[in-house]
Each structure stands twice: as C-alpha cells, then as structure tokens.
Amino acid sequence: MSLETKPWISPERAQLITQFYREDHKTVSAPICRALVFKHLLENKKIYIGDGEVIVGEKGPAPKAVPTYPELCCHSLEDLEILNSREKVSFAVSEETRRIYAEEIIPFWKGRSMRELIFSDMAKEWKDAFAAGVFTEFMEQRAPGHTVLDNKIYHQGMLDFKRRIEERIASLDYLNDPDAYDKKQELTAMGIAADALIRYAQRHAERARELAATERDPVRKRELKRIAEVCIHIPAYAPRDFWEAIQYYWFVHLGVTLELNTWDAFSPGRLDQHLYPFYQRGVADGTLTLTQAEELLQCLWIKFHNQPAPPKVGVTAEESATYTDFVTVDPGGLTPEGEDAVNELSYLILDVVEEMRLIQPNARIQVSKKNPDRFLKRAAEIIRTGFGQPSIFNADAIVQELLRQGKSIVDARCGGSSGCVETGAYGKESYILTGYFNMPKVLEITLNNRVDPRTGKRIGLETGDPRESTSFEELFSAYERQLNYFIDIKICGNNVIERLYAKYMPSPFLSILIDDCIETGKDYHVGGARYNSAYIQGVGLGTMTDSMTAIKYHVFDRKDLTMDELLATLESNFAGNEPLRQLLLNKTPKYGNDDDYADDIMKLLFDAYFNAIDGRPNTKGGHYRINLLPTTVHVYFGSVLGATPDGRQAGTPLSEGISPVQGADRRGPTATLKSAAKIDHLRTGGTLLNQKLTPKLLADSDGLDKFVKLVRTYFRLDGHHVQYNVIDAATLRAAQQSPEKYRDLIVRVAGYSDYFCNLSKALQDEIIARTDHDSF
Amino acid sequence: MIANFLKHEGNVLSNGFIFDIKKFAVHDGPGIRTTVFFKGCPLSCPWCHNPEGQSFSPEIMLVESRCTGCRECIPRCPEHAVSLANGSVRLDREKCTGCWECTAVCPTEALTVVGWKTTVKEIMAEVVRDILFYDESGGGVTLSGGEPLGQPEFLVELLQALRGQGIRTTLDTSGYALWDVVDEIRPLVGLFLYDLKLINDSAHRHYTDVSNGPILENLEKLSKHGSRIVVRVPVVPGISDTKDNMEGIARFVSSLPEKHPIDLLLYHRAGIDKYARLGKEYHLAETNSSTNDEIEAIAKMMDSYGLKVTIGGEPYVAFCADRATAQVESGDETLDLP
C-alpha cells in the first residue's frame, strides 16, 4: 500500500447500519440495540486479507476504504462532493457510493442522526456562540470515546470478559438495586459484543484457510494457516505470543472504532510494556527474533496508517483537517510500581517509528526523571530527521496531574497522554474532549460590550463599555464574567449532549474494555468508567496574553494609547495605522520571552480559565478539567476573529497550544520554555508546546546532548509536553512552491504530524511563521 | 562567595557597557549557556563577525528590511540626519549626534541603539533566569564581546557575582590586557576561550592594530598558573591560514607549560550584514570560507604537534565527515571542561 493511495469513502458500514435500523427493533433497549448493530456489522462486513499480510483486518472492505457513521452524522450529497473534490484531505467518492447515499442512506437518516438531535436540543445562546466561533462541539459528529487501552487484553480473552459479565449478571440485586434492570441490559449487550468480535476473528480465520487452500507458495501457505490459527485463538482467549498479542489488539481496535467513530484516539498506549512479556518469552524459547518482532510491529503500523480518520463536515472539518485518527503509541515512562519502564521494546518501537515515517500511529515518548538520557537522545536522533515525531511527554508531571484529579497512584503511573496531549488513566477513564474554546473571541466580545463585531449580533453578556474601565483589573474582571458566561453555555450544552449519547448511543463493546464498566454494569457513556472527565480545550493563550498585555502596558500603565484609539484601530483592522500595529508587535512585552510583565498576565488568564471550568460536575459522576491544545482549530478561530490588541490582523490564525504567538518569542528556546513553565501544568490535563529547531541544532552528539538537557530542564519545571519541528523555513517555502517534490515532508502541526502538502495554505503559512530558533 | 554577591545586590558599583545578552548559547563553552557581550574592543580585526562590539560608544543599527517607511523618526531628529529614500530610512552618520530619539520612536525596530549601560545586578537578574538550564546541562555564563577585559572593574564584579551564585564562567577573550587585570580575574574564570589570531607581531599589528606581545605573554602565564584554556584560532583565508602562521601557532601552543586544545574557527561572512547596518565598510567581502581539505590539512598539521584539535567545537574527523554530508556519530569526544 503506497503513501499515494487516496483514501476513499466506503458505503459498506452505512449500508449495513441502515439495513439493520430499517428492521423493527422497538422491543430492545438501546444497549442491546447497539450491540446487535455491532454484531450485524461484524458478521456481514467484507473480510479482507491482503497479499503478504500477517496482521489482518480492515475497517472498510479494503485498506484506505473509510467507513461512515450516518447514525451520528449523515453526509449530504454536497458533503460527499466536497470530500471528493477538495484539494486537501480529500476522499474519493464513487458514483456508486453517491447513488447508494442518495437512495438508501440519506432518506433513512434524515431527522434521525445524533447531529440533528443535538442541534435541535441546543439553546439559542448555544447556537449563537457556536455560530460565532466562541467554541466548537466535538460530539456533534463523532462519538465521545477518547480513551487508551491498558494491558487487560494481553492476559484476558473475550471469553474471560464474558465470564465476568455473566457473573455480574448473576449477582444483580433486583430487590435493592433500582438500576438492576438497566445493568442487565448493558451487561447483556456487552456479552453480545464480545461474541461478535470472536466471530469477526473467526471469519478472518475462515478466509485465511480458504486462501491457504489455493495458495501455491509454500511459505505464504504456512503463513495463512498460522493466521487462521491466530484468529481462532484470539480474541476468544488470551494471546500466547507476540504475534497473537498484536493481532488481538488490532481486532479490538477495529471493534472500538467500528462500533462508533470514537474519533479521537483509541490507542494501544504503552505497547513496550504490554508486549514485553511476549517478547521476552519468545526470545527465550527461540520462537521470536528481534527482526520478527520488528516486522510484526511494522505490520501494525501499516494497519494504523491504512485507516484514515472518518471524514468530518463543516466547522469540525476545519478544526481538525487531517487524515490522522490520533492513534498514539507512547513508550517509556514508569511501570505500575513507579520504576523506569524503558526496555528493549521501547527502543525497538523507536526504530520502527524511524523506519516507517508515518503520520499514524503518532509516536511520542514518555520521559520520567527515572528514564535514562540515552532514551531521550535516541528520540532526538529521530526528531532531527525532521518529521515531527516523536513528541515528548513528562511522565512525572502526568502522574501528578492524574493524582490531583483523584486517580490512584498505580492508575496514574499506568496512564499517559493520548490524542494530542491529553492526560488519561489508560483503560480506566473516559476523558472526553467536548470542544475547543476561543479565548480571544471572548475578549473581542468583551471589548465590544457583548456584541460580536463580525456579525453585529449581541451574543454575550453586557459587561460595560471598556472605554469606561478605569483600571486593568476592572477590564479583566469584565473579561472574566464574559468567560464564565460562555463556559456556562458550553457546559449546559454538554450536559444535554452527554445524555443524548447515554440514551441513544451506548457503546457496549468499548465498555467491556474500560474498567469498571463491567463491575458497575454501566456503559462508558453513562459513567461506567472508573474515572470520568470532561474537557474544554482552551485555545489562543498566547494571543490572549499578548492582547491583554498590550492593553495593560499601553492603555493603563504607560497611557500612550487610549482605549478609544485602540478600539477604533482594531475595528479598522489597523488601516492607516501601521505604526501603531508595529508598536504593538515590537515594543510591547510578549509572552514567550521569560518576561514577567507578560507572563504574569498569562498566569491570570490561566487561572481565570481554570476557575471557570475545573471541578465542575459532568453528567457521569466525574468532573470538568482543562487542557490547552488546538489541533488545527486556531486557524478557524482566527478566521472568525477581528484584529486583536497584540497587533494580530483580522482573520489570521491565533497562537496554538501554549506556544507564544508566532514570531513573538525572540529570546530563544530557554526563554520560551521558562515562560511556558509558568503555567501550572499540574492543574491541567495537558498542554501543547511547539518549538521549531533547525537541523543544525541536532547535528552532532554534543548538540543532541544539549537538546536532551533543554527538554529535561523544561520537565524539571513540570512542563507537560514539548514537540519539535526540525525543518528550516526555506525548505517549507520550497515545498509550498513545488508540493510535488515534497510529498513525504512531514511536519508537526499540533498534537500530531501531518504531510505538509496536505495542509491548507493558511496552515502552511502559519507553520512557516513559527519562530525559527536558528541559534545553533 | 555569597557575601560577595550580596554586596552587589546592595550597592550599584561600576557600570558596564554591553550590547547583547544571548540565551541558549551553545557554541560558547560547555552545556547550555547565556553569553553576555561586552561592548568595546581594543582590536579591530577585519574578519570580526560582531562589529557592533568594537566601539566603546553606543551606535545606531539600521535594519532596512524592517523599515515600513512610516516616517515617525524623521521629524524627531534635531540634526536632520534621518531621511527616507526608496521606501526605507537612511541615516547620515556624520550628522548624528547620538540623541537616539529616532530609535525611541521607531515602531519596527529598524532603528535601534546598540549598547547600553548596565549593572552587575541587572545582568545577574537576567542570567539567573536560566540557572536550571545551566545546572542540568553543565553550562553557565560566557562573557564575550567585544573584549570583556576592556572593562576590568565591571568584569571582576560580574565574575564575583556569578561565582557567588555558583554559576560556572567562561571568558571569551583576545587576551589583550595588562597582566595584573588578567591575574585578578584568573581565579574567577572556569574556562578561557582564548583567541590566537596571528603569531607574527607585525602581521598582528597590521590586521588588528595592536601588538600580540601581551596576548602571547598572558597566555603563557595563564597556562603556567594552570588555567583551563581552549585556544581559538580563526582561520581566515589569505590572512591567518598561511602555513607559517598556523605552524607558528601550533608550535607556540604546544610549547606552553600545560597542554591546551585548539579550536579552529572557520571564517564565514555571516557578519557582513551587520557592517552595512552599522554604516561600516566590510573589507573581506571577497573572501570565501576555507575548503574541507584546507581545514583538514591544518587540523592534521596541528595534530602532529600533539595538540587536540576541534573545528568549531567538533572533533575534526567528525566535522569533515559531517561536511561531506555523511552521518557520522561524533562519539563522546566532547571536551572535559569545567
């Protein structure tokens, strides 16, 4: 399968789902209905085994055939046309698929999809804020499902899970537990889903046997027979060797991502730890060589790569325009006992990452102070090859973040980061991203006293005319009230959407895999997980800080600019007042330079955001938390925002993650890291920091060592994550000019890497603009 | 030590004159460092890539590409030295009397003043910000220039304050100073990056305007006192790269009381833009960098004198391989430095 193969939309899943729902299922509960949907899908979808494949199974009928989820969000014919013809991240849509959509899919799902349900249930304030670009909504076209697997499947087969499910059903207390009936429904659904996955694997075994029967190459014939054996044993029983462990994970991955489009990162997590016992055993008894282990991992990598993310529509397509499905693998970190977890497989995984150079799975390393420098240095060698991976996470900070949220120490150590940079307790937590939040937009609405200047609509809270603010504190307090107002709207919306998923789209298969859904008899979407967190991801901290700083510095402290003059200039997008814009850009303190003037304001803004969200209850018995990451939404959020007091022109991108405004950090990487470390990372569930370095920086061993120490110091300051683009601006400009020559050029975008040529012009420009720390 | 630092916290002593504090400096000694650039140098080497460090007075740096032609500066100049031509600002340096009004109003930093008066306290406040990076990487603070020895009282106080904070120090110097000054700072400096440009005194006078007598003498004395020194030799084609000069330097360094590594610094024209921005003439515009073969030959020759040679901080074998775009690990040949 070459990199060039264009993903295409397969109508297979949509057809099977529609077929199922068309029949009358009114007598079954929602969990059982969804389990039967899952069963129907896995019993009827086409089985594909490619030439030479050893790890088998596809989401669609073939590699790069992308399924759709009409029960969540049904693509219109126009959507399909856009997907087919758009320049970037396009999906081929055949005439036949369009016909099927026009005749079968669209007519049936009209008025029935979750997306329509959600929008019909949202309040006017929510819709106004959503339309204005104050926030986005993750769950409007994909199911909440952000989670990573722990090690449970490596020692339990689906039959083991079933046994536990049956025991749980047997122990239900109908006399005293008013939820016993609901639990029975959910647990029964889990049982059906477990059987469905076993059957799905058996179908692969049958297909492998068929192929083996006619295969003339004796080597391949033996391989196919082995595939059949593997698919009979797992997932029914626990895996016995390295191959079976990987194949088992892959079936589970397909199951979870086919059940619902839990876009956003269903991932294997700590593969180096999970697979290590199989690796050791295989090497000890002579059944596995290092090369074979590496090849099997490569097969898994290709599998991930061949499953592009389900295509989104509208704003959601803009907020994360990418083929990646945010699958992550994160070697390193700590063992459950809190010891150095780096092993041979950690390095082998890095070798695979370097050789394969794929955008997915997204490689990251977890670095604890207990891990050797050698591990980080090996990662740096790969980073210097310039494809933005692996990104680097602070395992010790993650443990503290999870502990603060109330996780046990062992669950915290077994956790990590997934998606972009989100912290979670692997295998035990539902940690749902609910939407991005446009902080600078809230400032704009505050400066316009509740009006969105782009539309002239009154969408915010009346916080007073900023011209009448007599102090910075007064203005800040107005911003804070406005912020709380919109956060409340967002949370009200989330509270409805979460319940809609709980009622209509339970996820019994995923629930088998996440503790303690079986024990509690509750679905993943109903609060069955041991921990239930909801996130609202703050975007534009850099832009926001520099804007507030400019106001404080010029309007209130130096008084060389009146609020009136500033507002008039912003309204005109600096027309005729370029010197003022230059003053704001060049002679105003900026976040990212270890300058306390600006950084202290950043801390105020962080606290305001944290206080507005952290600790508030969600519908699943858990709490809201914050993180600061943008994916690609900073481009969309910038497009709906007028000029800002930091000198940013209307419509241009915001700063991303916790990175400084593009080009504002002028005192080198240590100063940027110092500024970023002033955020209290331990009170977040993830922050994203991009730094860009030229290849020269990492050219020799001494440079790599200094790089290692640079990162170590950031982590000593409790920084959560940092990632590096090691590419010079000239190369990027050349790629923009002649994309055909740079097809394989991969850059770090936000929490992930992507092919540079697949990015929009705006995003390409933005990546070029990111500070080039050419100081080596 | 701490008492020393507190003394500076309390009183503003002598002022220093610097033109930059560069963080994450990684070519000015071991680990991650901050480099403080002293302004003013008694030498005037034509290959100098920090020409803004030469004068002991503030200067205006004009970066034309940053100018947006906004004209804010023009009415501010009492001497009518600032004008606009072809969309960018022009400065008549003959007329300029150094009031810096134009730089104060320039919103784009096209016009800036190079050089500012500072105190030990101010510098310390800035350099301690990266102290964890120094601790983690074995780095510290490098004092460079210009010529730090050109401001002896300030240099001594700054070094004392740095040592008081336990920050490791490197001095990047031409060595051109009175021995008693060098002798005073000697115990406060962890590592000397000591430039040796031309071994022949008349050539040295011709190109740098000063005799190399004190430079060679100070180097010899420092070596005798056991100071840690890396001798840095700029390889400037047509000026310092001659066989006689390089052999002469090799002979001199190998005859020093202690063994000191030599780091060859490749000439490059990176400073050329700065000359134009300062209104200075650049005399080496036609000079190209040395070729790999030339550098390798010099390195081999010095090697034959028993000297440990690096090129821009890299072991020379790795350097040549790297330049030939081969991916060769340089190993852990890093210098054993303070």
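Within the 4.5 Å cutoff, no side-chain heavy atoms of K674(A) are placed close to those of K23(B). Contact of the E72(B) side chain with the P579(A) side chain is registered, since non-hydrogen atoms from C-beta on lie closer than 4.5 Å. Between E126(B) and R667(A), the closest side-chain pair of non-hydrogen atoms falls below 4.5 Å.
Here CD1 of I131(B) is found 13.0 Å from OG1 of T670(A). Values are rounded to the nearest 0.5 Å. With values rounded to the nearest 0.5 angstrom, R581(A) atom CZ is found 9.5 Å from T68(B) atom OG1. Taking CD from E578(A) and OG1 from T108(B), the interatomic distance works out to 9.5 Å, rounded to the nearest 0.5 Å.
Only the side chain of L673(A) has a heavy atom closer than 4.5 Å to any heavy atom of chain B. Contact annotation for L710(A): both backbone and side-chain heavy atoms come within less than 4.5 Å of a heavy atom of chain B. Contact of A104(B) with chain A is made through the backbone alone, with heavy-atom distances under 4.5 Å.
Panel note: side chain K587(A), backbone C106(B); a donor-acceptor pair is recorded below 3.5 Å. The closest donor-acceptor contact from the side chain of R129(B) to the backbone of D594(A) lies under 3.5 Å.
Within a 6.0 Å sphere centred on CZ of R716(A), other residues, nucleotides and ligands contribute more than 12 heavy atoms. By the neighbour-count criterion of 12 heavy atoms within 6.0 Å, atom CZ of R71(B) is sparsely surrounded, having that number or fewer from other residues, nucleotides or ligands.
Heavy atoms only, all atoms of each residue included: I32(B) and K706(A) are closest at CD1-O, 3.6 Å. Between P107(B) and L583(A), the shortest heavy-atom contact is CB-N, 3.6 Å.
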